[in-house]
A.B. asks: 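Take a look at this one; I'll ask things after.
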There are 2 protein chains.
Amino acid sequence: MTENQETPDRTLGRPRATTHDVLAEIGVELFTRHGYEHVSVQQIADAAGVSRRTFFRYFPTKADLPWGDFAREVERLRGELALVPDDIPLMAAVRHAVVEFNRVPPEAVDQHRARLGLILTEPELIARSLLKFRDWRQVIAEFTARRLNLDPTSFFPELVGEVALSAAVAAYRQWIPSLDTDLSTFIDTAFAAIVDLDRLEQGVAAQLSMRLDTRGRDHRRITGTATIQEMQESQEENADETR
Amino acid sequence: MTENQETPDRTLGRPRATTHDVLAEIGVELFTRHGYEHVSVQQIADAAGVSRRTFFRYFPTKADLPWGDFAREVERLRGELALVPDDIPLMAAVRHAVVEFNRVPPEAVDQHRARLGLILTEPELIARSLLKFRDWRQVIAEFTARRLNLDPTSFFPELVGEVALSAAVAAYRQWIPSLDTDLSTFIDTAFAAIVDLDRLEQGVAAQLSMRLDTRGRDHRRITGTATIQEMQESQEENADETR
DNA sequence: AGACTAAATGACACTGGGTGCCAATGCAAT
DNA sequence: ATTGCATTGGCACCCAGTGTCATTTAGTCT
């Protein structure tokens, strides 16, 4: 399931000429600099000192480059879910697992932001993301189904998977252009907002505390786990800042 | 924004050799029969008695075929939202508009099911769907932003758009393999479930009333607008039917 | 009737992603 | 030195999509 191991035995046959990591790094670099569609696989292969044909032996698609070993990540999500005690209610469990899943080690923040930025910005990558996130969603759906003793393909589990992904993606989009290091807080806030959607809807500009001016890269840090109450409390001070 | 009108003046120049509708119908037919990736644009063009080059003058992409005039549909959604009175709370307004948006005239049900089925089943079309639905989401986000006097690109409006799309897609997926005619009911139930996510999560197999056995095409009709209470009431009778 | 105009088509060449096939390569073990 | 073998590289090929331009098919004007 996860990507082919980079070093299984490495004793027989011709040695590898590159690695997934090298190709991915070169690809992301070029995509970021020139835009996804203005970079050809040929250019990436050349930069890696490898033939075009060999590139496609490492990545099935140009669009796979920014995703790293996503199958492994999906398994990590499954692991996070498995770690949540059974007595935690479903949505709280999902929320907690997804938040933990999105803890990015400080040294990996820049790389992660660059890759997510590409994935959620470049049209071709936006398109492919749905195929990747499908597996992610399914893990949530399976967890939900197991918890409620339902078929994973039935309505409610699929809905929970879909909604969880919504929260994550909405959080990603706000986090990417921000200067904030802590992605998991954004995720947590998104889940909080969803669970309280119907209570937030009444003229409450609650989410303003998480708003950011994308152009100015001005972002207000949220300290700790934001609750809906905290968000609502900061409503007045920001209410008139909208254009 | 919407697709080029089929009959603007039609008096000068060489007459058209085909129409969007004809190409779309042929395409959907072939995709359904042989699978999306096993049908080439050449085959579709041949079947329509038109050159490959001409096909691309009607549709920018092979993947656009099942979408009809989606830009117009997005405008229809915008219209539905505009029709909702201001005193209806945000989520209720969105819910109502999306439900109305998804009312399919009886004679169009089969076609709509076929197209949605392709869009949510064929990997390449799944991928492209995100680019299409992006505009759809944005309409919801703009509505939300206007209601709350926020920037449409800020967190909460984007989240609402994302969540609304989640509800719709989850409903689509259940509706497609069902024998049920009424799509809008599925949509309504999905929104109901989302708004009450935190109340549903406690071991309640509420959604069983909407469950369907995809293989057997056995679906229980939901009469009228399902409420969470109604869903919960049918919990016991179905609780042991899960595999 | 014949020339003119304009919109649309069709043909061709080209780029780029992705695949199948097979010979060549480089290292290790013998 | 030879053999085994995983990997590479080259080549041909298919398909989606684009740019260019000549050609077709009408209606219209004289």
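Chain letters run A, B, ... following the sequence lines, proteins first and then strands; every chain starts at 1.
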A.B. asks: Could I get the full list of side-chain hydrogen bond (donor to acceptor under 3.5 Å, both in side chains) partners for A:E29, not counting sequence neighbours?
C.D. replies: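 Here the qualifying residues are A:R33.
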
A.B. asks: D:dC11 C1' sits how many Å from A:Q42 CD, rounded?
C.D. replies: 13 Å

A.B. asks: Which whole-number value in Å describes the distance from B:E122 CD to D:dA16 P?
C.D. replies: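 For the pair B:E122 CD and D:dA16 P, the rounded distance is 13 Å.
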
A.B. asks: For B:R103, check side-chain hydrogen bond (donor to acceptor under 3.5 Å, both in side chains) against everything at least two apart and list the hits.
C.D. replies: B:E100, B:S184

A.B. asks: Could you tell me how the ring of B:H112 sits relative to the ring of B:W175: parallel (under 30°), tilted (30 to 60°) or perpendicular (over 60°)?
C.D. replies: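 The arrangement is tilted - the two ring planes meet at 30° to 60°.
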
A.B. asks: Is a side-chain N or O of A:Q174 found less than 3.5 angstrom from the main chain of B:T153, in a donor-acceptor match?
C.D. replies: yes

A.B. asks: Please produce a list of atom pairs where a protein N or O lies less than 3.5 Å from an N or O of nucleotides 28-30 of chain D.
C.D. replies:
{"from": "D:dT28", "atom 1": "OP1", "to": "B:T11", "atom 2": "OG1", "distance (Å)": "3.2"}

A.B. asks: Sorted by first residue and then second, give each salt bridge (Lys or Arg N to Asp or Glu O under 4.0 Å) pair with at least one member in residues 107-119 of chain A; sequence neighbours left out.
C.D. replies: none

A.B. asks: Do any side-chain nitrogens or oxygens of B:R16 fall under 4.0 Å of OP1 or OP2 in C:dA8?
C.D. replies: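 Yes, because at least one side-chain N or O of B:R16 sits under 4.0 Å from OP1 or OP2 of C:dA8.
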
A.B. asks: Would you compute the distance between atom OG1 of A:T18 and atom CZ of A:R57 and round it to the nearest 0.5 angstrom?
C.D. replies: 13.0 Å

A.B. asks: Show me the protein contacts with nucleotides 18-20 of chain C, counting only N or O atoms at under 3.5 Å.
C.D. replies:
{"from": "C:dG18", "atom 1": "OP2", "to": "A:K62", "atom 2": "N", "distance (Å)": "2.8"}
{"from": "C:dG18", "atom 1": "N7", "to": "A:R52", "atom 2": "NH2", "distance (Å)": "2.4"}
{"from": "C:dG18", "atom 1": "O6", "to": "A:R52", "atom 2": "NH2", "distance (Å)": "2.8"}
{"from": "C:dG20", "atom 1": "N7", "to": "A:R53", "atom 2": "NE", "distance (Å)": "3.4"}
{"from": "C:dG20", "atom 1": "N7", "to": "A:R53", "atom 2": "NH2", "distance (Å)": "2.9"}
{"from": "C:dG20", "atom 1": "O6", "to": "A:R53", "atom 2": "NE", "distance (Å)": "2.7"}

A.B. asks: Output all residues satisfying side-chain hydrogen bond (donor to acceptor under 3.5 Å, both in side chains) with A:Q42, sequence neighbours left out; order by chain, then residue number.
C.D. replies: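 In terms of side-chain hydrogen bond (donor to acceptor under 3.5 Å, both in side chains), with neighbours along the sequence ignored, A:Q42 is linked to A:D46.
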
A.B. asks: Do B:D188 and B:T185 have side-chain N/O donor and acceptor atoms under 3.5 Å apart?
C.D. replies: no

A.B. asks: Using whole Å, report how far CD of B:E124 lies from P of D:dC14.
C.D. replies: 20 Å

A.B. asks: Looking at D:dT7, I'd like to know if its phosphate oxygens (OP1 or OP2) sit under 4.0 Å from a side-chain N or O belonging to A:Y58.
C.D. replies: no

A.B. asks: Between B:T54 and C:dG10, is there a contact of a side-chain N or O with OP1 or OP2 at under 4.0 Å?
C.D. replies: yes

